[in-house]
Amino acid sequence: MSSTADLLRPEAYGGHRPTSVRLVETHISRVFLLEREVFKIKRPVDLGFLDFRTIEQREAACHAEVALNARLAPDVYIGVVPVRLDRDGRASLCADGPLVDWAVHMRRLPDDERADALLAQGKLDGGAIDDIAGYLARFHAEAKTDDRVSAFGSVEAIACNIEENFAQTRSVIEGYVPDEAAEIVRWQTTFLRGHAPLFAKRAATGRVRDGHGDLRLEHVYLEGRSEPTIIDCIEFNDRFRFADVCADVAFLSMDLEAHGRVDLAERLLAHYARETNDYDLYALVDFYESYRAFVRAKIAAFLAADPSVDEWTRTRSAAEARQHFLLALAADRRSLL
């Protein structure tokens, strides 16, 4: 958005006026962090699996984000607000000129309560992991499932997702893992076909739910709360949110492994399995961790190649892409010990 610089001005926020504004960019959003609030604007991009090119598409996505995230973060998402031009032609959240975009308005949660920050400080312990697993178990038990949702757990639907991943990274993956790219594709494809009856069984028995879809440590907030708060679910494409509950939990266990905490990843899976009596997930979790790692690698590779973001973000994203491509392969190379 050409008016990004305008929204870095404290005066662009009127009654919300902060002392400073910090910008965080993702592959699909520009997030403006104030002291107590957050305003998130969708980037006008078409990535194949999402299309935000028109203002109407971005508005619809903003409303969907607020509605869907009320499930796991009921007191965080405040609403959707217009971005307009002020009398000087600058984008603002407090102007009454022409409409140029829409923003999701959120309450800002303390950075030091975020699970990845707690992990870095050595404060994310087994009890916290149990709390997260229990919260997810309750969420999944109440999450929507019906014939339409269950269809997204079929081998055909999952194959569509992984083949899209392969197609969208075909031109870049060998720049990150030149010797391993074909092996990742082979393993995921072979596993999916070889376990078709189990995928079908789980879809038929209600294990496919309207879940979160992007369950990473940085989206989980813990300290000082009676139960976890989880933000930023997938709002732009149902097929990434409608999935086996194992795919949701595996995203978080994969992220713990990426941070070097296999012990906490195993504890998360064990506690979730006990809470839900879902021990069949162990037969599929390696696949879903590989799938989720590949998704993270793909997104990081997109951001690393985006000339509109700053050099630090591109460099960091390139390193993350390589790490997660390798992690996608590691699921096929589990230690027997």
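Heavy-atom basis, side chains included; hydrogens, waters and symmetry copies ignored. Everything quoted here is computed from the prediction, not taken from an experiment.
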Asks: Only counting residues at least two apart or in another chain, list the ones meeting side chain to side chain donor-acceptor pair (under 3.5 Å) with E174.
Replies: none

Asks: Passes side chain to side chain contact (heavy atoms under 4.5 Å, CB included), L281 versus Y288? Steps please.
Replies: CA-CA 10 Å; L281 69 81; Y288 278 122; over 6 Å; no

Asks: For the side chain of N69 and the backbone of C233, is there at least one donor-acceptor N/O pair under 3.5 Å apart?
Replies: yes

Asks: Please evaluate residues K123 and D125 with respect to the criterion salt bridge (charged side-chain N to carboxylate O under 4.0 Å, His left out), reporting the C-alpha separation (whole Å), side-chain torsions for both, the decisive distance (0.1 Å), and the verdict.
Replies: CA-CA 6 Å; K123 296 180 179 178; D125 59 16; over 6 Å; no

Asks: In terms of side-chain geometry, is the basic nitrogen of E164 or R239 positioned less than 4.0 Å from the acidic oxygen of its partner?
Replies: yes

Asks: Holding to ring pair (Phe, Tyr, Trp, His ring centres under 6.0 Å), I want the full list of residues that pass it with H195, two or more places apart in sequence or in another chain.
Replies: F191

Asks: Measure from the ring center of F251 to the ring center of H212 and say whether it is less than 6.0 Å.
Replies: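 No: the rings miss the under 6.0 Å criterion.
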
Asks: What residues, two or more places apart in sequence or in another chain, satisfy salt bridge (charged side-chain N to carboxylate O under 4.0 Å, His left out) together with K144?
Replies: D146

Asks: So does I41 get a backbone contact from the side chain of R58, meaning a donor-acceptor N/O pair under 3.5 Å?
Replies: no

Asks: Counting distance only, does the side-chain N/O of S154 pair as donor-acceptor with the main-chain N or O of A157 below 3.5 Å?
Replies: yes

Asks: Taking all non-hydrogen atoms of both residues, which atom of C62 and which atom of W102 are closest, and how far apart?
Replies: SG-O, 4.0 Å

Asks: Determine whether F166 and F294 satisfy the following criterion, ring pair (Phe, Tyr, Trp, His ring centres under 6.0 Å), listing intermediate values before the conclusion.
Replies: CA-CA 9 Å; F166 302 151; F294 199 102; 5.4 Å; yes

Asks: Got a sec, which residues hit salt bridge (charged side-chain N to carboxylate O under 4.0 Å, His left out) with R241, two or more places apart in sequence or on another chain?
Replies: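 R241: salt bridge (charged side-chain N to carboxylate O under 4.0 Å, His left out) contacts with D210, D238.
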
Asks: Can you pull the side-chain hydrogen bond (donor to acceptor under 3.5 Å, both in side chains) pairs that have at least one residue in residues 76-85, sequence neighbours excluded?
Replies: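 Every side-chain hydrogen bond (donor to acceptor under 3.5 Å, both in side chains) pair that includes a residue of residues 76-85, provided the two are not neighbours, is Y77-D232.
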
Asks: Of all residues at least two apart in sequence or in a different chain, which pass the side chain to side chain donor-acceptor pair (under 3.5 Å) check with H324?
Replies: none

Asks: Test of understanding: with side chain to side chain donor-acceptor pair (under 3.5 Å), list the residues that count as partners of R202, not counting sequence neighbours.
Replies: D244, D278

Asks: Going by atom types only, do D116 and H259 share a side-chain donor-acceptor pair under 3.5 Å?
Replies: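 Result is no, nothing qualifies.
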
Asks: For Y13 and F39, take the angle between the two ring planes, folded into 0 to 90°, and tell me which bin it lands in: parallel under 30, tilted 30 to 60, perpendicular over 60.
Replies: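 Geometry flag for F39 against Y13: tilted rings.
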
Asks: If every non-hydrogen atom of A137 is compared with every non-hydrogen atom of E275, which pair is closest and at what distance?
Replies: CB-CB, 3.8 Å

Asks: Does either side chain, that of E320 or that of S317, offer a donor lying less than 3.5 Å from an acceptor on the other one?
Replies: no

Asks: Taking only residues two or more places apart in sequence, or in another chain, which ones meet Y176 in a ring pair (Phe, Tyr, Trp, His ring centres under 6.0 Å)?
Replies: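 For Y176 the ring pair (Phe, Tyr, Trp, His ring centres under 6.0 Å) partners, ignoring immediate neighbours, are F325.
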
Asks: Which is it for R114 and V220 under the side chain to side chain contact (heavy atoms under 4.5 Å, CB included) test, yes or no, and what are the steps along the way?
Replies: CA-CA 6 Å; R114 210 172 58 217; V220 180; over 6 Å; no

Asks: Rounded to the nearest 0.5 Å, what separates atom CG in L198 from atom CG in L192?
Replies: 11.0 Å

Asks: Considering residues at least two apart in sequence or located in another chain, which fulfil the salt bridge (charged side-chain N to carboxylate O under 4.0 Å, His left out) criterion with R90?
Replies: D86, D88

Asks: Assign the ring pair F199 / F287 to parallel, tilted or perpendicular, where the plane angle (0 to 90°) is split at 30° and 60°.
Replies: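 Judged by the thresholds at 30° and 60°, the geometry between F199 and F287 is perpendicular.
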
Asks: Does F302 have any ring pair (Phe, Tyr, Trp, His ring centres under 6.0 Å) partners at least two apart in sequence or in another chain, and if so, which?
Replies: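 Result, ring pair (Phe, Tyr, Trp, His ring centres under 6.0 Å) vs F302: none returned.
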
Asks: Is I158 linked to Y291 within one hydrophobic cluster, defined over Ile, Leu, Val, Met, Phe, Trp and Tyr using a side-chain heavy-atom separation of less than 4.5 Å?
Replies: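 Linked within one cluster.
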
Asks: Applying side chain to side chain contact (heavy atoms under 4.5 Å, CB included) to Y135 and L72, what does each step give before you reach the verdict?
Replies: CA-CA 9 Å; Y135 190 50; L72 286 168; 3.5 Å; yes

Asks: Does a donor on one side chain sit under 3.5 Å from an acceptor on the other, for T313 and D310?
Replies: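 The answer is yes; a qualifying pair exists.
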
Asks: Taking atom types as modelled, is there a side-chain donor on S290 or Q188 under 3.5 Å from an acceptor on the other?
Replies: yes

Asks: Sequence neighbours excluded, which residues qualify as salt bridge (charged side-chain N to carboxylate O under 4.0 Å, His left out) partners of E65?
Replies: K40, K42

Asks: Decide side chain to side chain contact (heavy atoms under 4.5 Å, CB included) for R186 and I184; before the verdict, give the C-alpha distance in whole Å, the side-chain angles of both, and the deciding distance to 0.1 Å.
Replies: CA-CA 5 Å; R186 177 202 59 77; I184 300 172; over 6 Å; no

Asks: Which is it for H27 and D306 under the side chain to side chain donor-acceptor pair (under 3.5 Å) test, yes or no, and what are the steps along the way?
Replies: CA-CA 8 Å; H27 64 299; D306 188 340; over 6 Å; no

Asks: Can you tell me if D46 has over 12 outside heavy atoms packed within less than 6.0 Å of its CG?
Replies: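 Enclosed: over 12 neighbouring heavy atoms sit under 6.0 Å from CG of D46.
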
Asks: Looking only at side chains, do R43 and T26 share a donor and an acceptor under 3.5 Å apart?
Replies: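 Side-chain D/A pair, R43 to T26: absent.
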
Asks: Ignoring hydrogens, what is the shortest heavy-atom contact between C94 and G14? Give both atom names and the distance.
Replies: SG-N, 3.4 Å

Asks: Using the side chain to side chain donor-acceptor pair (under 3.5 Å) criterion, which residues pair with R108? Sequence neighbours excluded.
Replies: D111

